[in-house]
Amino acid sequence: MSVAPRLVILDTDPGVDDALALLYLRARLDLKLLAITTVFGNADVETTTRNALWLRARLGLSAPVHPGAAAPLSRPRGRAPVHVHGENGLGDIDLSGRDLPPPDAGAAHDRIVELVRAYPGAVTLVAIGPLSNLALALRAAPDIAGLVAGVTIMGGAFGRGNVTPYAEANIHNDPEAAAEVLAASWPVTLVPLDATMACVLTDTAAHDLARDGGDAGRFALEVTRGYAAAYARHEGLDGCVLHDVAALVSLTAPELFSPRFAPVAVTTEGERAGQTAWAAGDSPTRVLLGVDGPRLAEHFGQAIASAD
Ligand code: RIB
Ligand code: CA
């Protein structure tokens, strides 16, 4: 008996690893993409929305794209990491030659509320950018906390951060939003840097994927070259990190991860703003602290190669 696919809303700031996450989503018949909602982060929201529209066309996806927050809830937007994702947010690959339609009607947080209410108990929110849209949705409709199937977030760091020694980018970009999202009474799974930094698509694997994975594999190689060069330059890494892919794989292959259940607090002030830390209290978050990174990267490559 076939199982109905899991309904997913992807809240994203594309972003190179966000693009790989969409590539993975497309390859999975057990995931149905209800909507793409965009947010500032790896670039300004106009750029991340253009990138989501471009990726939808390039990958042949059909989900609506709803633009979201241009800035954090209560602080100025920080600088985009052009040194990692490029000036255009997608590794500065050529995005010309496509007449893109305008974004779909409805602001991101409104559409999140409408879709969660339309499919009670069935929608998983997967957030792979700053959490501003999810916080705005909660503020507008606190009832959605009891209506989602779950919330999976790529974010946080319990060891070293990646934008400061203390904070990971998605949380650091809007600490107030992250604090509200993690404090709400919905089932949250956090996929922090402690796990995602072990999920590396090596250059050899990327070239093998381009050889064996058809158009999808060739695109994965093309879109990651600048991103991999940034990781080589800044981290001495051979390859690039599949942060956002790991969040989606936590839905389809949870056995690759090692969870810890504990409340998580977010620092919102001072030099440690955006830091996630273990807290007291009785509302545990499922934190996927460990992962078999090489197996996750292999799983990603096999999914892309087999789907094209
Ligand atoms: O810290 C990594 C996260 O920040 C990823 O989601 C990446 O795309 C950026 O948004
Ligand atoms: Ca992202």
Side-chain angles (χ1 to χ4, degrees), residues 8-25 36-45 47-52 55 65 68-69 71-72 77-86 88-91 108 125-134 151-175 177-178 181 189-201 220 223-224 226-228 230-231 234-235 237 239-250 266 273-276 287-288 291 293 296 300:
V8 169
I9 294 174
L10 187 72
D11 192 72
T12 177
D13 62 337
V16 173
D17 58 326
D18 306 68
L20 298 180
L22 275 169
L23 207 49
Y24 180 75
L25 250 169
I36 299 169
T37 53
T38 60
V39 63
F40 76 94
N42 287 324
D44 59 50
V45 70
T47 302
T48 61
T49 302
R50 186 277 317 271
N51 290 349
L55 288 165
V65 173
R77 181 170 73 88
R79 278 182 305 110
V82 294
H83 63 295
V84 179
H85 294 270
N88 74 3
L90 285 180
L125 303 181
V126 180
I128 55 176
L131 297 172
S132 316
N133 291 333
L134 270 66
V151 181
T152 295
I153 298 165
M154 190 281 133
F158 296 85
R160 185 173 177 78
N162 60 357
V163 286
T164 73
Y166 316 105
E168 176 278 327
N170 288 339
I171 308 300
H172 185 263
N173 267 323
D174 196 342
V181 167
T189 293
L190 201 59
V191 187
L193 288 183
D194 309 70
T196 63
M197 283 307 291
C199 304
V200 177
L201 181 70
V223 77
T224 55
Y227 183 59
Y231 269 104
H234 300 294
E235 308 269 349
L237 205 64
C240 58
V241 181
L242 302 172
H243 297 290
D244 294 339
V245 171
L248 285 165
V249 175
S250 77
V266 181
Q275 184 174 35
T276 45
V287 180
L288 302 185
V291 68
L296 187 140
F300 168 71

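Each ligand, and each atom within it, is numbered from 1 in the order the structure gives.
T47 and D44 form a side-chain donor-acceptor contact under 3.5 Å, judged by distance and modelled atom types alone.
Taking the side chain to side chain donor-acceptor pair (under 3.5 Å) definition, one finds that E168 meets it with nothing, sequence neighbours left out. Legend: residues meeting ring-ring contact (aromatic ring centres under 6.0 Å, His included) with Y166, ordered by chain and number and at least two apart, are absent.
Taking OG1 from T37 and CG from L134, the interatomic distance works out to 7.5 Å, rounded to the nearest 0.5 Å. Within the model, atoms CG of L20 and OH of Y227 stand 7.5 Å from one another, a figure rounded to the nearest 0.5 Å. Atoms CG and OG1, on N133 and T38 in that order, are 7.0 Å from each other to the nearest 0.5 Å. Distance check, rounded to the nearest 0.5 Å: CG of D18 to CE of M154 gives 10.0 Å. Atom CG in D13 sits 4.0 Å away from atom CG in N42 (nearest 0.5 Å).
Around the Ca ion (ligand 2), the protein N, O or S atoms found under 3.0 Å comprise D13 OD1, D18 OD1, D18 OD2, I128 O, D244 OD2.
A heavy-atom distance below 4.5 Å is found between the side chains of T152 and S250.
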Close N/O pairs between ligand 1 and protein, under 3.5 Å:
from     : atom 1 : to   : atom 2 : distance (Å)
ligand 1 : 1 (O)  : N162 : ND2    : 2.8
ligand 1 : 1 (O)  : E168 : OE2    : 2.5
ligand 1 : 4 (O)  : N170 : OD1    : 3.2
ligand 1 : 6 (O)  : I128 : O      : 2.9
ligand 1 : 6 (O)  : N170 : ND2    : 3.0
ligand 1 : 6 (O)  : D244 : OD1    : 2.5
ligand 1 : 6 (O)  : D244 : OD2    : 3.2
ligand 1 : 8 (O)  : D17  : OD1    : 2.6
ligand 1 : 8 (O)  : D17  : OD2    : 3.2
ligand 1 : 8 (O)  : D18  : OD1    : 2.9
ligand 1 : 8 (O)  : N42  : ND2    : 3.0
ligand 1 : 8 (O)  : D244 : OD2    : 3.1
ligand 1 : 10 (O) : D13  : OD1    : 3.2
ligand 1 : 10 (O) : D13  : OD2    : 3.0
ligand 1 : 10 (O) : N42  : ND2    : 3.3
ligand 1 : 10 (O) : N170 : OD1    : 2.9

